[in-house]
Protein chains: 2
Amino acid sequence: MQMSQKVESFVYHFGEMGSKWGFNRTVGQIYALLVVSDKALHANEIGEALNVSRGNVSMGIKELQSWQLINVSHIPKDRKEYYSPKGTIWDMANRVFEERRKREVDPTLSLLRDLQLDSPADESEAYAQEKMREIHDLLETITHWSAELQRLDPDKLTTLMKLGAGVSKILSIKDQFKRPKADAPSE
Amino acid sequence: MQMSQKVESFVYHFGEMGSKWGFNRTVGQIYALLVVSDKALHANEIGEALNVSRGNVSMGIKELQSWQLINVSHIPKDRKEYYSPKGTIWDMANRVFEERRKREVDPTLSLLRDLQLDSPADESEAYAQEKMREIHDLLETITHWSAELQRLDPDKLTTLMKLGAGVSKILSIKDQFKRPKADAPSE
DNA sequence: ATGAAGTTTCAGAAATTACTGAAAGTTTAG
DNA sequence: CTAAACTTTCAGTAATTTCTGAAACTTCAT
């Protein structure tokens, strides 16, 4: 399989990006290639297009499956497995966030909680624990927030995003509703 | 310098995390160590605490400076440079997002825009371009959104985050305000 | 059961990334 | 200007990660 000029630069670029986003170059390239292909591809086509060994393609596919990013399909009378991206681009972004949360943030939160458990031996340890608590709280807030956002349907999300900084205005509207007799004159 | 048990596990863990967040293990460890230290540290202390060469500490410091994550200070009559983390934990998170946006997202957006420029040669190229446009739009939306969020002060942000999925309710309130004579009955 | 058509595994090789430590560079006090 | 006290650089080495390709495995048609 031959990639067009455009597809080629896209695929190579995403290989590099992928390596900063939690998977290696080849995995990034395979995913990028699948995304821009209008039909599902089998392993040999992929390997040929990317100049990569059959074994490497197999490992890449496996990795993408562990991220739940691809679908496997079959064509009647053909024994090969055909791969295509699962869901929309938005789904992909969500999956990657979600998966990284599980793999990176959750273990960190759990470590930080453990380290909070026993009381500090001295002043400098108290300081360290305080900082760890701050990090814990930050991670937890971000985690909750992104989980909530993922529940919104893409349209609402887009509306919300377009709103941007306007959200702070909305917040005050909300305050008026919830507490019509607002008691915070300075804000 | 000797790290306490707790600080040690924190620092090592953040070394590993750091390597998934855009800098290498040592850089992550140095930053973690500085965050939990109640006083600024000089390069030798850092190297000794982390069991790492003087040269490596120097490179790590340089890297952290390029991310604008640390401050340098001096003590009268002492020629050494003392390092401490710059800003709050929130500032740190913002900086890292911001810096990665500049280094990774911006070049990607620019590539994707270029690839949109000339019209597709055939049907499959048209498909590829369409997908690239979707990715472009997604990245752009996320970029704008996070830029806006960074402008909010941390308190507002926290309120907003606590709100979570409640945002969709807020959105409808906003709709009532903006278009009291709403003409979209199906939404 | 057999073998053709495919996929996966994994030991070793290649490529990449990170680290060391000695030499070069910088800054300041006298 | 000199030397002491630091910091930075960078060539070579070490560690880690990724990739290859041959062998093992699986599945299915006959």
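All chains are named by letter (A, B, ...) in the order of the sequence lines, taking the proteins before the strands, and each is independently numbered beginning at 1. A quick note: this is a predicted structure, and the numbers were derived from the prediction, not measured. Side chains are part of it too, since the values below use all heavy atoms of this structure and drop only hydrogens, waters and symmetry mates.
Residues from residues 22-33 of chain B with heavy atoms under 4.0 angstrom of DNA chain C, sorted by number: B:Asn24, B:Thr26. Annotation: proximity of residues 70-84 of chain A to DNA chain D (heavy atom, distance under 4.0 Å) is found for A:Arg79, numbered in ascending order.
Contact check on A:Lys102 versus A:Glu98 returns no salt bridge, with no Lys/Arg side-chain nitrogen under 4.0 Å from an Asp/Glu carboxylate oxygen. A salt bridge does not link A:Lys20 to A:Glu16: none of the charged side-chain nitrogens sits closer than 4.0 Å to a carboxylate oxygen. Residues B:Asp38 and A:Lys131 are not paired through a salt bridge, judged by the lack of any N-O separation under 4.0 Å between the basic side chain and the carboxylate. Look at A:Asp137 and A:Arg133 and you find a salt bridge, because one of the NZ, NE, NH1 or NH2 atoms lies within 4.0 Å of a carboxylate O, short of that distance. Comment: A:Asp91 does not engage A:Lys86 in a salt bridge, judged by the lack of any side-chain N to carboxylate O separation of less than 4.0 angstrom. A salt bridge links B:Arg113 to B:Glu140: at least one charged side-chain nitrogen sits closer than 4.0 Å to a carboxylate oxygen.
Under 3.5 Å, the side chains of B:Glu81 and B:Tyr83 contain a donor-acceptor pair of N or O atoms.
Nucleotides of DNA chain C with any atom under 4.0 Å from a heavy atom of chain A span, from 5' to 3', C:dA4 to C:dC10.
The aromatic rings of A:Trp145 and B:Trp145 lie parallel to each other, their planes meeting at an angle below 30°, with 60° marking the opposite boundary.
Atom CZ of B:Phe97 is surrounded by 12 or fewer heavy atoms from other residues, nucleotides or ligands within 6.0 Å. Within 6.0 Å of the OH atom in A:Tyr127, the count of heavy atoms belonging to other residues, nucleotides or ligands exceeds 12.
One atom, CD1 of B:Ile46, and another, C1' of D:dT8, lie 15 Å apart when rounded to the nearest Å.
Of the residues near DNA chain C, B:Met59 and A:Asn56, the one whose nearest nucleotide (by heavy atom distance) lies more toward the 5' end is A:Asn56.
The phosphate of D:dT7 has neither OP1 nor OP2 within less than 4.0 Å of any side-chain N or O from B:Lys62.
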